[in-house]
Amino acid sequence: MRYSEFGLTTLKEVPAEAEIVSHQLMLRAGLVRRLASGLFTWMPLGLRVLRKVENVVREEMDRAGALELLMPAVQPAELWQESGRWDEYGPLLLRMLDRHEREYCFGPTHEEVITDIARRELRSYKQLPINFYQVQTKFRDEIRPRFGVMRSREFIMKDAYSFDLDEDGMRIAYQKMHAAYTAIFERLGLRFRVVDADSGEIGGSRSQEFHVLADSGEDAIAYCDADDYASNIEMAATEVPAGERPAPSAEMQKIETPGARTIEALREFIGITAEQTLKTLIVEGEDQPVALVLRGDHELNAVKAQKIPGVATPLTMADAPTVRQVTGCEPGYAGPIGLEVPVYFDHATADMADFVVGANEADTHFTGVNFGRDIEEPETVDLRNVVAGDPTPGGSGTLSIARGIEVGHIFQLGAKYSTAMGASVLDSDGKERKLQMGCYGIGVTRIVGAAIEQNHDERGIIWPEPLTPFNVVLVPINMHRSEIVREAAESLYADLQQQGLQVLLDDRDARPGVKFADAELIGIPHRLVVSERNLANGEFEYQHRRDTESRNLKREEALNLLKEHAIN
RNA sequence: CGGGGCAUGGCGCAGUCUGGUAGCGCAUCUGCUUUGGGAGCAGAGGGUCGGCGGUUCGAAUCCGUCUGCCCCGACCA
């Protein structure tokens with residue numbers, strides 16, 4: 001491709017709308033342009049990257065035996081009513097009416113459609129196992145689209161659905177997809193981790209997420225290098241502390257703590273650490289509010305809290321009037337002593353002694369509080385987020401915390417949809433069996449953003465080889481004044497293409513600095529400079545995007561070096 | 001949806017408080033010079049100042065209202 005014919009415009013300045021690096025670079029390098037909130041046009045340069053991702057995904061899915069099909073983006077409401085999700089899915093689902101006022105939605109996912117296909121097409125166990133997939137545009141009316149292509153409303157997803165006769169079969173299909181996903185992200189050259197996950201809205205039992213590691217990631221993941229443990233922090237379990245609880249050494253005292261409404265304020269006021277305090281959170285319950293008690297420095301985990309019997313879903317903090325009604329005082333001084341509502345203590349509180357709690361009285365706390373003496377001995381539950389240094393479940397190591405971008409998610413669905421929608425086959429005994437399903441998603445567009453988050457420097461993008469829009473960029477110096485340079489550049493351009501490489505020839509009549517800056521911004525991994533200076537020795541200057549120095553190569557050396565990077 | 005902010009040429013911004021000729025940098029176009037790290041000089045084009053309504057002799061500027069976008073929270077590939 002000749003730069004002069006590629007219609008690419010790059011930006012020197014960062015558009016104000018872009019917050020994170022990948023979004024900024026995608027706009028500056030001309031990969032995407034925004035149409036409206038959460039809607040993007042993929043410009044020619046960006047589309048080349050997107051297609052590379054799709055191709056890797058397709059190849060590995062095909063290799064795993066999955067069959068590509070293409071379902072409609074627009075889906076009739078009836079299917080969603082059958083599965084019960086028409087009402088469950090809420091405002092995330094973009095709904096519309098056709099001219100006959102029939103209800104439709106723009107598909108955010110395709111379990112309903114594929115289950116409908118399955119119940120029509122699959123009659124016999126002999127047709128199983130089978131796995132269908134598609135690469136397709138989805139729409140989810142996100143509450144807050146952000147980070148460019150990473151959380152857009154319209155996006156491209158590869159979604160796959162497996163069908164098996166029994167649960168063992170489903171688990172095999174799931175393992176196959178686990179392996180295929182691992183192969184995909186390895187081939188794409190991304191650093192990633194597979195973590196245990198909450199199955200959320202989609203439903204089902206087992207589920208795991210594939211996260212590209214990046215500091216800007218929206219998810220926190222807990223992992224341990226000593227064993228293979230890795231979990232989304234939402235799901236990472238904590239246990240009752242192993243150690244003995246120290247014996248009480250202080251008497252319980254009621255003290256004045258004017259204005260100390262937060263753990264931080266309380267900590268400063270009394271001169272203790274947050275680990276010596278308990279915080280009591282009042283949340284909405286199913287029929288009455290519930291108190292959740294955590295160590296002062298710990299954070300409540302919403303997913304875990306919602307699983308506590310009697311706690312309302314979604315987790316909602318009680319408003320001030322409710323807190324007043326439960327504790328008898330202003331928010332900020334709640335404590336577990338004397339509460340009439342159900343109280344749950346986190347595991348980590350079990351080995352605490354001589355701690356500080358709110359007194360359910362304005363500007364007042366208790367110090368020197370102890371279980372078994374001042375409060376009833378608690379039955380503890382898992383309520384908090386794990387933190388770095390916590391023991392791994394199983395106890396073979398300690399946890400570290402990293403941030404990740406969720407690019408893939410695999411689920412064992414079981415018979416949820418096949419039961420709701422009546423999808424079954426006859427087994428070898430002629431008996432009707434509900435199909436066991438799995439579903440598997442990859443955020444194709446999100447991968448592009450995630451790859452940039454993980455691969456960039458202050459000058460721009462650094463594409464991993466499997467994703468790059470061009471393998472090599474040719475930068476002729478003074479091509480428009482030097483016939484020698486022009487001829488050498490043109491002939492090299494032709495030969496590199498002949499080798500199967502995707503080549504960008506920067507044939508603009510621009511100064512070298514401009515060409516270097518753009519080549520680095522758009523992140524082409526290999527660069528060859530063509531100049532009179534080096535042509536005198538029959539050489540070209542080669543530099544990899546990650547190199548700090550260039551080196552001179554003879555023409556044949558350059559062709560050979562790049563040959564192995566030719567797209568296959 | 002709750003909280004905060006912004007809206008002025010393609011992009012980044014000033015001007016708004018204190019009403020009076022719409023401005024700067026980048027980008028674009030032309031010419032000349034320059035040519036190994038986002039060049040210099042000279043010139044040019046391009047803006048109903050987000051929309052509607054109001055106040056005023058006069059509104060980018062003051063008032064009202066609507067819309068769009070961004071950031072913080074719940075959600076997710």
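So you know, we letter chains A, B, ... as the sequences are listed, proteins then strands, and number each from 1. Only this structure's heavy atoms are used, side chains among them; waters, hydrogens and symmetry mates stay out.
For A/E60, the side chain to side chain donor-acceptor pair (under 3.5 Å) partners two or more places apart in sequence, or in a different chain, are A/R63, A/R187. Scanning for side chain to side chain donor-acceptor pair (under 3.5 Å) contacts around A/R191 gives an empty result, with sequence neighbours left out. By the ring pair (Phe, Tyr, Trp, His ring centres under 6.0 Å) test, A/F185 pairs with A/F192, A/F210, sequence neighbours left out. Residues that satisfy the ring pair (Phe, Tyr, Trp, His ring centres under 6.0 Å) test with A/W80, not counting sequence neighbours, are A/Y89. Among residues two or more places apart in sequence or in another chain, the side chain to side chain donor-acceptor pair (under 3.5 Å) test is passed with A/D457 by A/R545.
Residue pairs meeting the ring pair (Phe, Tyr, Trp, His ring centres under 6.0 Å) criterion with at least one partner in residues 503-535 of chain A, sequence neighbours excluded, are A/H526-A/Y542, A/H526-A/H544, A/H526-A/H565. Sorted by first then second residue, the salt bridge (Lys or Arg N to Asp or Glu O under 4.0 Å) pairs that include residues 470-485 of chain A, not counting sequence neighbours, number zero.
The P atoms of B/U56 and B/A14 are separated by 32 Å, rounded to the nearest whole Å.
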In residues 6-17 of chain A, what donor-acceptor pairs under 3.5 Å come from side-chain atoms, sequence neighbours left out?
residue, atom, partner, partner atom, Å
A/T10, OG1, A/D518, OD1, 2.8
A/E17, OE2, A/R34, NE, 3.4

* Just by protein heavy atoms under 4.0 Å, how would nucleotides 23-32 of chain B read 5' to 3' in B, S and -? -> --BSS-----
Protein-nucleotides 40-45 of chain B N/O pairs under 3.5 Å:
none

If you restrict it to nitrogen or oxygen atoms, what contacts under 3.5 Å exist between nucleotides 67-71 of chain B and the protein, and what is each distance?
residue, atom, partner, partner atom, Å
B/C69, OP1, A/S37, N, 2.9
B/C70, OP2, A/S37, OG, 3.3

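RNA chain B lies under 4.0 Å from at least one heavy atom of each of the following residues of residues 209-220 of chain A: A/E218, A/D219.
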